[in-house]
Each structure stands twice: as structure tokens, then as C-alpha cells.
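Lettering of chains follows the sequences in order, A, B, ..., and the numbering in each one begins at 1.
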Amino acid sequence: MLALYIRDVKLGIRAGGGALVGVLFFLAVIAVAPFAIGPDANLLARIGPAMLWIGALLASLLGLDRLFQVDREDGSLDLLILGSSRHMLPLTVFVKCLAHWTASVLPLVVAAPVLGLLMNMSPLATFATALTLLAGTPAIVFIGAAGAAVAVSLPRGGLLVSVLVLPLVIPVLIFGVSASYAASTQPDPFLPPFLMLCALMLFFAVIGPLAAAVALKGASD
Amino acid sequence: MAETTISGRLTNLANPTRFLELVGRFLPWLAAIALLLTFAGLAMGFAAPEDYQQGSTVRIMYLHVPFAWISMFCYMLMAAAALGTLVWKHPLADVALKAAAPIGATFTALALATGSIWGRPMWGTWWVWDGRLTSVFVLFLMYLGILALTRALDDPQRSARAAAILTLVGVINIPIIKFSVEWWNTLHQPASVMRLDGPTIHPSLLWPLLVSAIGFTLIFFTLHLMAMRAEIWRRRVAVMRRMAAKRAENRAPA
Amino acid sequence: MNHAVFVTAAYAVSAAGLIGLAIWILVDQRMRQREIAELEQIGVQRRSARKAKG
């Protein structure tokens, strides 16, 4: 399992600079926002957390379809499914999700504070947004794994995966954004939405790999 | 052991045929009753007195409420069918799931449309990001996702499994989405939305609503059975095409 | 404010939607039936149909 994790992280970093493209996409989305909204610093600071969240959401959906497709192309997916008698397949999927998150989504979380500067956000709000992203993005990856597994046999499933996953991640977006807002505006407590976000993440960590494993088994035979 | 699987396969083969026979016999009756009940319900609705607050727009309710009910009912039906596909591998379950998706999407779209038309004179706006409206909208998006998935995959076996998994993941998510959207909504305090709270609906309005709801539900079943029949025929055509191709292939070398 | 317009619009939209859906399904059925008839005319039979005859 550890070997699989390390292998996947290495592949994810090496293969066509997937992580870099994700961060670039994130940067592009955030950089374009002021042109659409106007350079008003106060307004940007106010919508900053929401923009960061939407950017991170789109950027992390971007690479999701490659989660199983690369393995399917070189045949190692069949090996993983064959080996499911020894290792539980959902666990394997879980590890693959973690590796994908480390390789291509964690850079987004790291980049978020820098982009927060561009959006003229206060240090506290920036920190809170990065923290919510850290807790929320795994949920996107886990539930996205189910979508990616369902569409794995499609040659061009990328857009479809995003369309399938987007309605399911709305709760994550809601709690993530409201937690980061609650941190910067005083009266609202930060903890309840943040804990809800964590609970969602843990819940999806169970549901996503399970569903993905069932889907992968179906796609292989 | 072998015998049970063979007999099981035989019933699997026979099942759709028997289903088609049954549908052929009952469908005209079902359709007639459905149309009759629906028109009766709507006519009763028009005969009923107007609501003192909402005037004649209350008549939109006889469409809107049944549509909203069917949009949820259809998703539950699809979830049950998804379980049937995954657990019992019932051959009709996956046909039911695939056939229900476009119908459910249509009813959900109509629920949103009629709600929007109702909201314009009542609330003064076509759309509010109200908790219930937003949830139904998300439900509509999920229907479209399932629709896109079933249309994107050619192999019926594979697409059945994929759609079933997606439906089940969706059904697990619906309560979460509902809860989070409501939470989000109270957080944002909608500025000036008049609440449509009729704590007690007068019986003169309730009866037509009930009749038309049953009528529309039967219409839904009629359409669903028709769509299932078309889907079974579609699969038969595919099988027959394959057999024809195989026969031609066998004949060619000889 | 004329409410009747909205009521009519709602009924028109619903009728259009449902009739459209019904027609689409009916056309789908008709097409499939025609395809089956065509294939049967060339002499392709399903396994179950052949068994019933023989």
C-alpha cells in the first residue's frame, strides 16, 4: 500500500507536470476574476474566499479523470483489481485518492495563500481559507474518485466527470466557503461549519472509495 | 448448481418477454385512467373557489405540486432500480433506471418551470435561491448527469452498472445536499421572500390536488412503461443485428 | 396584474413538456418496432423466438 502510494505520487508529479498545470489553472482563474469584477480592493477582499474556493474546486476537478485512466491504459488497473483478493479494493482506491491529492491538489492548497494576497485578503481570512481547503479538497477527490471510476472506460470522460461530480460537491463548497467567511467576519463562529466540513470529508472518504471500487470491478469485466 | 443457473438464465430471458406481454395488455387501460384522473383533477381545480390571497394563480399548484412530488418519487424509483441492478442483477431493473432518467428530468424541469411561473406573480421574481428551489435545481442537475452518463456509454451492461452506482451515490447525497442548502439559506437570510405558508389548505383545494397528483403519477407510470418497452426493443434490435452480422460472417468463408 | 396569463403559461409549458415527452417515446417505440420487423423480414430471429417455434 505504501509502495502504491509512493509510486502514484511519483507518477503524478512526473507525468506531464499534472500538479503544475493544476496550479497554473488555479492562478489563471484567480487572475482573471478581477478583470471580470473590477479592481476594487474591498470588493475583491470580500469575495476572495469564495473565488479561491471556486478556483480550487475547478482546478481539482480538472485532473480527476486521469485518476484511473492512466492505470487502465497501461494495464495496472487490472492487476489492482485482480489483487483485490489480497488487498481490499476500496482501500486501494483510497490510497490512490490520497496519492492523487498529494500530487495534484496539495499544491493548490499551498498556492492558495499566495493567491489570497492577490485578492487583497486579510492574513486571517487567507489562513482560514487555506485551512478549509486543506480539509475540504480531500472530500472533492474522494467523491470525484467515484465519478472517475464510473466514467473510466470513456475515451473522453474528463468533462463528463466534472458534470457528474459537481452537484455532489455542493455541500463541500457551502461549508468550506462559509467557514472561511466565518473566520474573517466576527459574529459567526468558525468551528461549526469547519467541523461539518471535516465530517463531510470523512463521510466521503468512506462512500467515494467504496462506490469507486464497485464501479471499477464492473468496468473490468 | 448448473441447473439453477441455467434455469435462472431462462427466466431472465423470459422475463422481458412476459413483461412486454403484460405491458401490452395493461398499458391502454393505464393510459386511459391516467388521463381521465388528471383531467378530472384539473377540472375540479378550476371549479374550486380561488384562493383569497393568491387569486387564480393557485391553479398552478395542481401542476406544480404533482410535478415536484414525481421528481422525487422518480429518483427514489431509480435508486430502487439501481439496487436491483447491483444486488440482484435483475435484467429489467437496469432498463427501468435508464428509461426513468429522461422522464424524471422532464418532470423536474416542469416543476421548476411551473414554480418559476408561479413565483413571478407571487414573489415578484422568477427565481429565488431559496432552500427548496435550490435543492430541486441540484436534483435536476443530477438527473442530467445520469442522463449524460447513460447516453455516453454504449455497452448496456457497463452503462447499467455505472448509472446504478451514480444513482446510489446521489441518493446518499440528497439528504446532505438538502441539509447543507437549507443551512446555507438561513445563513444568507433571503432579503424579501414572501413565504408561501398555507398552514391549512382548505379541503376544497386539497381534493383536486390529490386527484391530479394521482393522475400525474399514473401518467408518469404510463410513460415509464412505454419508455421501458422501447428500451427493451432497442436492446433486441442490437442483439438481432449482432446475430445477423455473425451469420453473414459465418456464411462468407463458405 | 393579470394572473390568468401566468396560469395559462404554466399550463401551456406543462402540456408542451409532457406531450413532447410522450411523442418522443412513441416515436422511439415505433422506430424500434420497425427495426425489429425489418430484421425479422431478412430472417434474423432471436433465440427465444426460434425455440418457441421449433
Side-chain angles (χ1 to χ4, degrees), chain B residues 10 13-14 16-17 31 38 42 46 50 54-64 66-67 99 102-103 105-107 109-111 113-122 216 219-220 222-245 247, chain C:
Chain B
L10 277 181
L13 258 179
T17 315
T38 306
L42 294 181
F46 272 96
E50 292 181 359
Q54 304 190 23
S56 62
T57 54
V58 78
R59 268 151 204 170
I60 300 179
M61 179 176 76
Y62 306 122
L63 298 174
H64 176 69
F67 290 163
I103 303 174
T106 310
F107 273 102
L110 285 179
T114 50
S116 184
I117 294 171
W118 197 6
R120 181 73 191 123
M122 285 299 103
F216 277 117
I219 285 185
F220 166 76
T222 313
L223 291 173
H224 187 209
L225 287 177
M226 276 160 58
M228 277 175 78
R229 190 158 69 168
E231 180 63 28
I232 292 174
W233 281 337
R234 192 194 328 279
R235 287 181 190 189
R236 280 204 178 157
V237 168
V239 170
M240 284 161 83
R241 285 246 164 86
R242 218 175 305 142
M243 279 167 60
R247 229 172 41 172
Chain C
M1 200 68 172
N2 195 0
H3 285 171
V5 177
F6 291 105
V7 178
T8 329
Y11 276 79
V13 166
S14 311
L18 288 183
I19 291 173
L21 183 67
I23 287 176
W24 175 63
I25 294 174
L26 280 174
V27 167
D28 195 24
Q29 277 192 340
R30 200 61 52 79
M31 301 272 284
R32 299 292 90 77
Q33 265 184 316
R34 192 178 302 161
E35 278 173 357
I36 288 184
E38 272 171 16
L39 279 166
E40 266 170 1
Q41 205 147 38
I42 333 173
V44 188
Q45 267 179 343
R46 294 181 324 115
R47 262 165 299 170
S48 52
R50 204 180 303 159
K51 208 175 291 166
K53 264 186 197 168

At what distance, to the nearest 0.5 angstrom, does CH2 of B:Trp233 lie from CZ of C:Arg34? 13.0 Å

Rounding to 0.5 Å, atoms CZ (B:Arg234) and CD (C:Gln29) come to a distance of 10.5 Å

Check the pair C:Leu39 / B:Arg236 against side-chain contact (heavy atoms from CB on, under 4.5 Å), numbers first and verdict last. CA-CA 10 Å; C:Leu39 279 166; B:Arg236 280 204 178 157; over 6 Å; no

Quick one: what part of B:Leu223 sits under 4.5 Å from any heavy atom of chain C, side chain, backbone, both or neither? both

Region of B:Ala113 in contact with chain C, defined by heavy-atom distances below 4.5 Å: side chain

When B:Ile232, B:Ile117, B:Ile219 are compared by non-hydrogen pairs under 4.5 Å with chain C, the top option: B:Ile117

Any side-chain heavy atom of C:Glu35 within less than 4.5 Å of one from B:Arg241? yes

Tell me, do B:Arg229 and C:Arg32 make a side-chain contact under 4.5 Å, heavy atoms counted? no

Using atom types as modelled, flag every donor-acceptor pair under 3.5 Å from a side chain in residues 7-19 of chain C to any protein atom, sequence neighbours excluded.
| unit_1 | atom_1 | unit_2 | atom_2 | d |
| --- | --- | --- | --- | --- |
| C:Thr8 | OG1 | C:Ala4 | O | 2.4 |
| C:Tyr11 | OH | B:Arg59 | O | 2.9 |
| C:Ser14 | OG | C:Ala10 | O | 2.8 |

Indicate the atoms forming the closest heavy-atom contact of B:Ala227 with C:Ile25, along with that distance. N-CG2, 3.7 Å

Salt bridge (charged side-chain N to carboxylate O under 4.0 Å, His left out) partners of residues 16-26 of chain C, not counting sequence neighbours, each pair once: none

